[in-house]
Asks: 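Mind looking over this structure? Questions follow.
All values below were derived from every heavy atom in this structure, side-chain atoms included, with hydrogens, water molecules and symmetry-related copies excluded. Small disclaimer: the values here were computed from a predicted structure and weren't measured.
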Amino acid sequence: MKVLYALRGAAGLHAVVICLQPVFAGVYLNGTPLGIRMHEHTAEGLVAVGLVQLLAATFWWRAGGRWAAPAVSLLIVAGEVVQTAMGYSRQLAIHIPLGVALVASTVAFAFWINRRQA
C-alpha cells in the first residue's frame, strides 16, 4: 500500500510540473529570455520525475496493482524523451501537439491513479 502512495505522490508531482511547461513557454514567447531556460530545465526534471513514476508504477504492479500503470507511465516517459528531442531540434510541428498530449495524459493518469479503486 505504501508503494501506491509513492506512485500517487509521483504522479501528482509529475502532473503539477508538466502543467508549468506551457506557462514557461508563454513567458518566453512574451519576451522574457529566462522563460526558455525555465522550460528547458523543467523538461529535464520532468523526465526524471517520469522515471520515478515509472519505477513506482512497476513496483506497485509487481505487488498486485494494475499492469496499466507501468504501461502508461512508460508511454509518458517515452513521449517526454521524444518531446525533449523535438524541442532541442526546434521541430515545433511535433513539439507543440505532443506537449498538449503529454499534459493531458499525465494529468489524466494522476487523476486515475488517485481514484480510490485504482
Asks: Under the side-chain contact (heavy atoms from CB on, under 4.5 Å) test, which residues partner I36, sequence neighbours left out?
Replies: Y28

Asks: Going from CG on L74 to OG1 on T58, what distance comes out if it is rounded to the nearest 0.5 angstrom?
Replies: 8.0 Å

Asks: For F109, enumerate each residue passing the side-chain contact (heavy atoms from CB on, under 4.5 Å) test, keeping only those at least two apart in sequence or located in another chain.
Replies: L7, A11, Q53, A69, V72, S73, I76, W112, I113

Asks: Under the side-chain contact (heavy atoms from CB on, under 4.5 Å) test, which residues partner V82, sequence neighbours left out?
Replies: M86, L98

Asks: Remaining members of V52's ILVMFWY cluster at a side-chain heavy-atom cut-off under 4.5 Å?
Replies: none

Asks: According to salt bridge (charged side-chain N to carboxylate O under 4.0 Å, His left out), who are the partners of R37, at least two apart in sequence or on a separate chain?
Replies: E40

Asks: Please go through M38's hydrophobic cluster and name the other residues, only I, L, V, M, F, W, Y counting, with side-chain heavy atoms under 4.5 Å joining them.
Replies: L20, F24, L34

Asks: If you group Ile, Leu, Val, Met, Phe, Trp and Tyr whenever their side-chain heavy atoms sit less than 4.5 Å apart, what else falls in with Y88?
Replies: none

Asks: For residues V103 and P22, report the shortest heavy-atom separation together with the two atoms involved.
Replies: CG2-CG, 4.5 Å

Asks: Apart from V16 itself, which Ile, Leu, Val, Met, Phe, Trp or Tyr residues share its cluster (side-chain heavy atoms under 4.5 Å, direct or through members)?
Replies: none

Asks: Taking side-chain hydrogen bond (donor to acceptor under 3.5 Å, both in side chains) as the definition, give me every residue that meets it alongside Q91, ordered by chain and number, with sequence neighbours left out.
Replies: none

Asks: Side-chain contact, heavy-atom cut-off 4.5 Å: E80 with H14?
Replies: yes

